[in-house]
Amino acid sequence: MADRTSPSPRADTAPTRSWWGWGDPAQALPDAECATLAALVPGAADTALPVPSIASLELPPVRVSAPRTLAHLVSGDPADRAGHTYGKAYRDVVRALNGDLAAAPDLVAFPREERDVVDLLDWAAGADVAVIPYGAGSSVVGGVEYRAGAHAGVVSMDLSGMDRVLETDRVSRAARIQAGALGPGLEAQLRPHGLTLRHFPQSFEFSTLGGWLATRAGGHYATLHTHIDDLTASLRVVTPAGVSESLRLPGSGAGPSPDRLFLGSEGTLGIITEAWMRLQDRPVHKASASVLFDRFPAAADAVRAIAQSGLHPANCRLLDPGEAALSGVAAEGRSVLVLGVESAHHPVEGRLAELVALARDHGGSPADGSPASGGSAAGAWRSAFLRMPYVRDGLARMSVISETFETACTWDRFPELYEAVRRDVGAAVREVTGAEALINCRFTHVYPDGPAPYFTVIAPGRRGSEVAMWDEIKAAAMRTLGEHRATVTHHHAVGRDHRPGYDRQRPEPFADVLRAAKRTLDPAGILNPGVLFDAAG
């Protein structure tokens, strides 16, 4: 059994992360700020839930021990186990605050090279130990939590020690990168070459390349290269049945793509250890603008025209009146469209002018420069965007239910979907909480054939019942998306929380194919069981 008093094998370069909530523990909201936020939500609790100390936690006993040859790679330290129990969904934060860590892994493994991953999987398969691949734990869909309950033990495999850029091809603008590289570290290693991956999800500081690939993460670009898929040239994946490595090519028509099998597989078919990624020259020309709209439908029409124009803005975020007010970028019930363009080679002011002209044609008014009217919307929105997860944690400490869910639909279905979410999810919140919900919407990404709306739901919860109430509201949201033929997730992944909606969305013959792949690649059924599908049909 791992020595609970020995130093953790965690990589020395790993940043300090909150074990119970989002990101940097130094950025967590103090009690007074939590109370100030909660005062804006009638019915919220009066006091903030305290954050438990690691020493006060009652973790389940460790049931398994790694063989002596692997002992230096694993930890049974309470801090490691607690920090790898959950992701960062609302229900995860609330359970952690309440000291409920019944799902804690028995051990946390910190491989330093691919051989370690192979050896750990070989041991786990023979010992009936479930392995939960773990990048940096930013999942908000139950993607890194063990819920199966049938294995002899559970190991969380933390890839953060495999974080190097191994090879750079400046001619082809590509790099071979280990999967455990966090966003900032990855970019720092590319900077001397004048290159960038330029994939900036909200979790950029606290998520890894492998996590982005395994969940098909959405990133910086609102149009064109919206997902990590678009930037992936080839993958190397360790499975219990062997190593899969695809050929790096600019394009190929040779049968179904092997990379597509593992992109979005969420650690249930194999562990991504490295990837060749397509890079770009670092942009030097940038410009942004914000446009105000009195009517949200007109703003949505403007975004559709922009998405279909072929101008490909890097940023095209539309905030409905509630989201604009909540983010502090507009007042008086106005919607805000934030536009941004960039290039490594050409001035971009002309393209920005064309985009603003399209928005003006649909009733938009370019902001006059004052923060209240949206003139500083780009900067204000970015600041609010990065702060949002910490605000969510602060609200959770005040028993305020804060849920976000994102989707995508075709343009013809969006107006009805928008109204249905506000109506039906609002009704579910009233039934569950007895209060009115704040329901806001923004577009995170847009395509010629449809937008990716991102909804925020805020309502007072009942202390002690927050998780059950969240579950009911989440189920109502999934039903509404399904009824309107919208995807269960655009970029947050499926995990375990979105499984019911994904089961309804996914064609059953494809589910059979996934199960067959699981039986072939993971015959012992140890990899992230319960994610995406059940192995036994």
Side-chain angles (χ1 to χ4, degrees), residues 1-10 14-38 44-65 74-110 132 134 136-140 142 144-147 149 153-158 160 206 389-402 461-471:
M1 189 170 297
D3 183 356
R4 292 164 63 95
T5 62
S6 61
S8 168
R10 175 187 289 273
T16 300
R17 296 195 301 269
S18 171
W19 74 266
W20 65 272
W22 184 261
D24 181 355
Q27 297 297 317
L29 273 58
D31 289 7
E33 191 172 350
C34 292
T36 299
L37 278 174
D46 296 327
T47 58
L49 285 167
V51 177
S53 66
I54 295 290
S56 71
L57 298 174
E58 295 185 11
L59 296 170
V62 175
R63 299 169 295 169
V64 297
S65 59
V74 303
S75 169
D77 183 83
D80 287 330
R81 294 179 67 201
H84 289 75
T85 301
Y86 300 129
K88 303 303 181 186
Y90 175 86
R91 70 193 319 272
D92 302 337
V93 171
V94 171
R95 286 181 294 169
L97 287 171
N98 284 299
D100 174 10
L101 275 81
D106 296 281
L107 300 170
V108 180
F110 296 93
I132 312 298
Y134 186 101
S138 64
S139 171
V140 292
V144 296
E145 174 192 350
Y146 180 76
R147 296 183 192 172
V154 179
V155 169
S156 175
M157 189 180 292
D158 186 318
S160 60
F206 307 106
Y390 297 103
V391 170
R392 187 280 312 266
D393 288 356
L395 290 172
R397 292 187 62 202
M398 302 301 296
S399 297
V400 174
I401 295 173
S402 178
R462 194 165 50 252
R463 182 146 290 178
S465 301
E466 299 98 331
V467 171
M469 297 170 81
W470 183 91
D471 286 344

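Heads up: numbering here begins at 1 and tracks the sequence. Keep in mind that what you see is a predicted model, and the values were worked out from it rather than measured.
Under the salt bridge (Lys or Arg N to Asp or Glu O under 4.0 Å) criterion, the residue pairs touching residues 462-471 are Arg91-Asp471, with sequence neighbours excluded. Among residue pairs with one or both ends in residues 93-110, those qualifying as salt bridge (Lys or Arg N to Asp or Glu O under 4.0 Å) are Arg63-Asp106, Asp92-Arg95, Arg95-Glu145; sequence neighbours excluded.
When every heavy atom of Pro52 is checked against every heavy atom of Gly99, the shortest pair comes out as CG-N, 4.4 Å. Contact between Ser156 and His84 at its shortest, heavy atoms only, is OG-CD2, 3.4 Å. Taking every heavy atom of both residues into account, Ala89 and Val140 meet most closely at CB-O, 3.4 Å. Ala102 and Tyr86 get closest at one heavy-atom pair: N-OH, 4.4 Å. Considering all non-hydrogen atoms of both residues, Ala396 and Val93 come closest at CB-CG1, 4.0 Å. Across Leu59 and Ala104, no two heavy atoms sit closer than the pair CD2-CB, 4.0 Å.
Taking 4.5 Å as the limit, some side-chain heavy atom of Val62 sits within range of a side-chain heavy atom of Arg81. Between Phe206 and Asp24 the shortest side-chain heavy-atom distance falls below 4.5 Å. Side-chain contact between Pro105 and Thr85: present, with at least one pair of heavy atoms (C-beta onward) separated by less than 4.5 Å. Annotation: side chain of Trp19 is in contact with side chain of Ile54 (closest heavy-atom distance under 4.5 Å). Between Tyr134 and Val108 there is no side-chain heavy-atom pair separated by less than 4.5 Å. In this structure, Val155 and Ile132 have side chains that are not in contact, with every pair of non-hydrogen atoms separated by 4.5 Å or more. Using a 4.5 Å heavy-atom cutoff, the side chains of Glu58 and Leu101 are not in contact. The shortest distance between side-chain heavy atoms of Trp20 and Val51 falls below 4.5 Å.
Looking at Lys88, its side chain does come within 3.5 Å of a backbone N or O of Gly21 through a donor-acceptor pair. Between the Ser53 side chain and the Ser56 main chain, a donor and an acceptor come within less than 3.5 Å of each other.
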Could you go through residues 25-32 and list every donor-acceptor pair under 3.5 Å that involves a side-chain atom there, pairing it with any protein atom two or more places apart or in another chain?
residue: Asp31; atom: OD1; partner: Arg397; partner atom: NH1; Å: 3.0
residue: Asp31; atom: OD1; partner: Arg397; partner atom: NH2; Å: 2.8

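Taking the six-membered ring where the residue is Trp, Tyr90 and Trp470 present parallel rings, their angle staying beneath 30° rather than reaching 60°.
Taken to the nearest 0.5 Å, the OG1 atom of Thr47 stands 6.0 Å off from the CE atom of Met398. Distance check, rounded to the nearest 0.5 Å: SG of Cys34 to OH of Tyr390 gives 13.5 Å.
Around atom CD of Glu33, more than 12 heavy atoms belonging to other residues, nucleotides or ligands sit under 6.0 Å away.
Side-chain contact of Asp158 with Ser160: a donor-acceptor pair under 3.5 Å is present, judged by distance alone.
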